[in-house]
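Here is the structure we will look at.
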Amino acid sequence: MNQDPSNKGTNPATGEENVKKHYLYPSALFAERTPYLVDTVLGSCVAVCLFDDHKKIGGINHFMLPLWNGEGLATPKYGNIAIEKLIERMIQLGCKKENLKAKLFGGASQINSSMEIGLRNVEVAKELLSQHRIPIIAENVFGKVGRKLRYDTGTGQVMMKFLTSSNQRENG
Amino acid sequence: MKQELTDKELLQELQRRFDKNQEMLQAERELIKQLNEVNQKLVESEKVKSNFLSNIRNEINNPIASILELSKNLSLGVVPVDMQQQCSEMIHSEAFELDFQLRNIFVSAELEAGEAPLSVISVNIRSLIDSVIESFVRKIGKKHLILKVEHGITDGTIFQSDAEKLHLIISNLLSNAIQFTNEGGSILIRTTIDDEVLIVSVIDSGIGIAPEDQKEIYDRFHQVEAGSTKSYGGHGLGLSVTKALLDVIGGTIEVNSTLDQGSTFTIRVQQMEGNMNEDVFSSDGNDFLFDNSEDDMLF
């Protein structure tokens, strides 16, 4: 029901009705030719939003840990897999790598976490994006509080909101 | 104002910097070692993956060959009437096996692509577990295994989660228990819900897993006993798919096992919220907009 493509919403930027909505869960990624409003909630997880300004196509991932080390399945739960797969998917949709621009969010440090996962998630994202020569044109990372994102994949715009204790519903 | 250092202070400072450099060098060595290990694992994993199709060829070919042969005989009418039911049961069992293996393969491909969408609904846990058992009941009977279910939850208990994923997770655990338990052994399924966490244990009296093998059982395509002479079927995807599915629905898995005595696999799944799609962007003035003009960056 959450992935129902007919789920319609209002575009916050344009006020337009009938934009399709998608809720992005941790370990998943999303990229479509048609515009969507993609919502996601980030704690120490990181989301990379890619946008091709020529094709007006956007894609987003949401990874939980920095590196896949060969254990278990190679899913986009891991930054190195999630970023490579998102770029691949964008290229499959007809985007050119040199036209891609990135926005980076998340990586908050969570209480009781000595591993600094948020920090390492952001580092991996920056390192891989720079290897692919994809510029990061906006970022809001680190800190102590989680974030909610709404990414408009048709315009590349991201609405971000810090989680407050009243609306805290962090799942990554 | 310039401050003079005494020779002693200078030496101390140099020593401090030298120690710090040593420390950093040590950390770097450590990191390189870790990276080498990761690299080694990746190389191995890729190798196994490229052999995947040839590895699972038998898993797919054998059931198909049986189904083709048995159904041909049935349609030709060469199967005596009293054997027909048995024959169709065999066709069903081979097709079931094939369907189950293929489902794991397709789900693992979806998971690796990040395309395993969640669909959270109200799940009746007892009927879900009953339907898993129902699908394996012939296999259990064929091996003369004793299956017991101890429900710590009342009939009709509803739990918010992804029913299809839970079904495949529990199917994989039960399928493994059946596969790795010798004829006449026993399997126990135990369920309970504790503070919004669903706990399901599948306990078998099977061959067990040695401690040194336990950390590798979740690796894809990994089976403890590999090669063409292995005594147990399967493609070694079941537990890696199970673990990745649990990641997606917010769960964990743990194993307790003693060689030759049996294994207990326990999953813990957090209840999910029914509708994550509600409007998270109420306008209360705490919004930040990141548009595309580079000189208009807010952060």
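Numbered from 1 within each chain, the chains take letters A, B, ... in sequence-line order. Note that the structure is a prediction, hence the values are computed from the model and not measured. Scope of the values below: all heavy atoms of this structure, side chains included, with no hydrogens, waters or symmetry mates.
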**Study point:** Engaged part of Y151(A) at the chain B interface, taking heavy atoms whose separation is under 4.5 Å
**Key:** neither
Practice item. Answer yes or no for K103(A) and F290(B): cation-pi contact, defined as NZ/CZ to six-membered ring centre under 6.0 Å and angle to ring axis within 45°. Key: no
Check your understanding: Looking at E37(B), K243(B), E115(B), which makes the most heavy-atom pairs under 4.5 Å with chain A?
Key -> E115(B)
Review point. Chain B: which of V158(A), L29(A), T75(A), L67(A) shares the most heavy-atom pairs with it under 4.5 Å?
Key: V158(A)
Check your understanding: Do V48(A) and L50(A) come close enough that some side-chain heavy atom pair is under 4.5 Å?
Key -> yes
Exercise for review: For D52(A) and K55(A), indicate whether the former's side chain and the latter's backbone hold a donor-acceptor pair under 3.5 Å.
Suggested key: yes
Exercise for review: State whether the number of non-hydrogen atoms from other residues, nucleotides or ligands found under 6.0 Å of E110(B) atom CD is greater than 12.
Suggested key: yes
